[in-house]
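Reading through the structure tokens given below for one structure.
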Amino acid sequence: MLFSDIDLLTEQGVVRPHQWVGVRDGMIAYVGDAAPAPEEAAAFGEVYDGCGKLLMPALYNAHAHSPMTLLRGFAENLPLQRWLEEKCFPFEAKMTAEDCYWGTVLACAEMARYGVVSFSDMYYASEERCRAVLEAGMKANMCEGLVAFEEKPYAEYPICAQMEALVRDWHGAGDGRIHIDYNIHSEYLSTEPVCRDILDIVRGTDLRLHIHLSETEKEVRECRERHGGLSPVAYFDRIGIFDVPVTAAHCVWVDEADLDILEARGVFVANNPASNMKLGSGFAPIPEMLRRGMNVCLGSDGMASNNNHNLFHDLYLQALIYKGANLDPTAVTPQQALTAATRAGALSQGRADCGVVAEGMRADLCVLDTTGPQWCPAPDPVYNIVYAGDGSDVVLTMCDGQVIYRDGTWPTIDLEQAKTECAARTARIIAEL
């Protein structure tokens with residue numbers, strides 16, 4: 001596909017008008033301010049008219065629980081522990097592998113609709129989730145959720161053999177679209193021997209870790225009581241967890257010493273502003289993290305604590321809420337918020353060739369319709385993207401050069417079947433509770 005005469009969001013965070021971008025064999029092969037030579041243009045195939053459109057990198061959701069689409073609207077208006085114990089855990093105990101498959105299919109459709117091409121997913125039934133992602137033409141970093149209470153080696157847990165099979169059969173599947181990550185759910189749902197064993201498995205490989213970290217004040221307080229005053233960050237650092245690539249979701253209740261560790265270790269912080277506010281968890285210190293040059297990315301979390309996969313909503317919150325919370329209108333710039341949702345998110349997944357529109361990068365792209373009234377005037381369109389735009393403005397989403405959403409259609413997903421399946425499965429589980 002050749003995007004012609006289209007506005008382009010560059011890696012520098014500025015919008016350059018009247019650009020031409022050519023996609024071939026899943027890669028971006030041409031970027032210029034004039035059309036390529038006729039013989040080169042013909043090799044790109046379809047010419048996409050960019051009038052009234054803006055081309056930008058697709059979005060990367062750095063923390064999700066995709067099958068929780070089935071819980072949308074079910075667990076509401078509860079603090080986190082009651083939300084988990086009274087609603088989520090009983091519901092999830094009745095979910096089958098096929099339930100997880102269909103929940104993931106619906107999540108893929110929703111994310112593709114809003115410009116997301118890849119997500120870091122922490123849940124169960126990983127083979128079914130991988131299958132759903134590949135069928136949708138998308139990417140994901142998948143990890144199988146681990147809950148470990150017994151003081152025994154990781155090898156004695158059934159998930160150990162399951163993870164070995166997942167890495168063997170699925171890591172790198174779909175021309176690298178599937179990555180398998182290891183998982184430590186959290187300090188409070190794991191043991192030190194298991195953490196050390198997982199670290200030994202991941203160290204020296206191309207695998208990564210995905211964890212929950214310091215999400216609530218209660219979590220941090222109880223961790224300090226269990227571990228001689230150590231915060232969850234300090235506890236994991238003592239074990240050596242941050243010696244390998246880690247994406248840490250939330251990081252709300254962190255102090256200066258924690259930030260020193262996260263900064264020094266290069267941890268990717270997956271902020272989940274909508275979920276953190278909905279559950280009353282608080283606000284991660286994102287401005288201070290950005291001031292330190294830390295790796296900040298953006299996540300939706302699950303649909304029981306966010307309710308939608310429109311990552312443009314989370315992008316808006318990322319850019320806005322810290323201005324009010326810190327009484328500082330410069331706390332987070334639109335460019336920083338966009339980087340978190342694009343390039344930083346791709347890097348958190350180990351996808352170094354993704355997240356920017358440049359020659360030689362993978363063609364993960366989304367197109368916004370900028371003809372709506374909220375886009376006018378636009379003296380600096382970057383501000384319109386973040387503060388005025390929305391995922392509903394997305395008219396095309398492309399993953400590795402394949403169109404996965406375009407103008408109200410999903411070429412790779414039967415949306416009506418996914419909706420029917422998910423509604424019926426949620427009704428069945430609620431009736432069983």
Considering all heavy atoms, the nearest Ala62-Ser120 contact:
O-CB, 3.3 Å
Main-chain N/O of Val332 paired with Lys323 side-chain donor or acceptor, under 3.5 Å:
yes
Are Glu135 and Tyr101 close enough that a side-chain donor and a side-chain acceptor fall under 3.5 Å?
yes
With the threshold set at 4.0 Å, does a side-chain nitrogen-carboxylate oxygen contact exist between Glu164 and Arg168?
no
Should we count CH2 of Trp102 as having more than 12 external heavy atoms under 6.0 Å?
yes
Assess the side chains of Asp206 and His179: does a donor N or O sit below 3.5 Å from an acceptor N or O?
no
Could you tell me whether Asp400 and Lys139 make a salt bridge, using a distance below 4.0 angstrom between a side-chain N and a carboxylate O?
yes
How long is the gap from CD1 on Ile211 to CD1 on Ile184, to the nearest 0.5 Å?
6.5 Å
For a quick check under 3.5 Å, do Asn307 and Glu76 share a side-chain donor-acceptor pair by atom type?
yes
Salt bridge flag under 4.0 Å for residues Glu127 and Arg131:
no
In Å, rounded to the nearest 0.5 Å, how long is the span from CG of Leu317 to CG of Asn272?
11.0 Å
Have Asn310 and Glu110 got a donor and an acceptor in their side chains that come within less than 3.5 Å?
no
Side chain to side chain donor-acceptor pair (under 3.5 Å) evaluation trace for Asn77 with Trp83:
CA-CA 8 Å; Asn77 296 311; Trp83 171 81; over 6 Å; no
Using a distance-only test with no angle check, is there a side-chain donor-acceptor pair under 3.5 angstrom linking Asn306 and Asp314?
yes
Nearest 0.5 Å, what's the CD1-CD distance between Ile413 and Glu416?
12.5 Å
No-hydrogen, no-angle side-chain donor-acceptor test under 3.5 Å, His65 and His63:
yes
Would you say the side chains of Tyr60 and Asp364 form a donor-acceptor pair under 3.5 Å?
yes
Evaluate the criterion salt bridge (charged side-chain N to carboxylate O under 4.0 Å, His left out) for residue pair Asp181 and Arg208; output intermediate values, then yes/no.
CA-CA 5 Å; Asp181 292 347; Arg208 310 175 75 84; 5.3 Å; no
Would you kindly say whether Thr104 and Glu128 are connected by a side-chain donor-acceptor distance under 3.5 Å?
no
To check you understand the geometry: which heavy-atom pair defines the closest contact between Met56 and Leu338, and what is its length?
CE-CD2, 4.0 Å
Give a yes or no on whether the backbone of Asp260 and the side-chain of Arg265 come within a donor-acceptor separation of less than 3.5 Å.
no
May I have the step-by-step check of side chain to side chain contact (heavy atoms under 4.5 Å, CB included) for Met361 and Met27, ending in yes or no?
CA-CA 6 Å; Met361 303 295 282; Met27 308 297 288; 5.8 Å; no
Go through Leu134 and Arg177 one step at a time and tell me if the side chain to side chain contact (heavy atoms under 4.5 Å, CB included) criterion holds.
CA-CA 8 Å; Leu134 290 184; Arg177 288 191 285 121; 3.6 Å; yes
If you measure only the distance, is there a donor-acceptor pair under 3.5 Å linking the side chains of His210 and Asn141?
no
Would one find more than 12 heavy atoms of other residues, nucleotides or ligands at under 6.0 Å from atom CD of Glu11?
no
Check this for me: does any side-chain nitrogen of one of Arg203 and Asp243 sit under 4.0 Å from a carboxylate oxygen of the other?
yes
With a distance cut-off below 6.0 Å to the six-membered ring centre and an angular limit of 45° from the axis, does Lys53 pair with Phe3 as a cation-pi contact?
no
Test Lys278 against Asp301 for salt bridge (charged side-chain N to carboxylate O under 4.0 Å, His left out), laying out the working first.
CA-CA 11 Å; Lys278 189 179 183 206; Asp301 212 350; over 6 Å; no
Nearest 0.5 Å, please: how far is CE in Met398 from CD1 in Ile404?
10.0 Å
Taking every non-hydrogen atom, the tightest pair across Trp253 and Glu215:
CD1-O, 3.4 Å
Side chains of Tyr322 and Asn271: do they bring a donor and an acceptor to under 3.5 Å?
yes
Answer yes or no: does atom OH of Tyr48 have more than 12 heavy-atom neighbours from other residues, nucleotides or ligands under 6.0 Å?
yes
Taking the six-membered ring for Trp, are Phe242 and Phe236 parallel (under 30°), tilted (30 to 60°) or perpendicular (over 60°)?
perpendicular
Side-chain donor-acceptor pair present, Arg406, Thr409, cut-off under 3.5 Å
no
Could you tell me whether Tyr114 and Phe312 have their ring centroids closer than 6.0 angstrom?
no
Consider only side-chain N and O atoms of Trp375 and Asp369, and report whether a donor and an acceptor are under 3.5 Å apart.
no
Side chain to side chain donor-acceptor pair (under 3.5 Å) between Asp393 and Gln374: does it pass, once the steps are laid out?
CA-CA 10 Å; Asp393 295 319; Gln374 77 276 23; 3.1 Å; yes
Please assess Glu187 against Leu213 for the test side chain to side chain contact (heavy atoms under 4.5 Å, CB included), listing each intermediate value before the final yes or no.
CA-CA 8 Å; Glu187 175 276 329; Leu213 187 63; over 6 Å; no
Gap between atom OH of Tyr124 and atom OG1 of Thr96 - 0.5 Å precision
14.5 Å
Distance only, no hydrogens: is a donor on one side chain within 3.5 Å (strictly under) of an acceptor on the other, for Asp121 and Ser66?
yes
What distance do Leu207 atom CG and Thr205 atom OG1 have between them, rounded to the nearest 0.5 Å?
3.5 Å
Report the relative orientation of the aromatic rings in Tyr383 and Tyr387; use parallel for angles under 30°, tilted for 30 to 60°, perpendicular for over 60°.
parallel
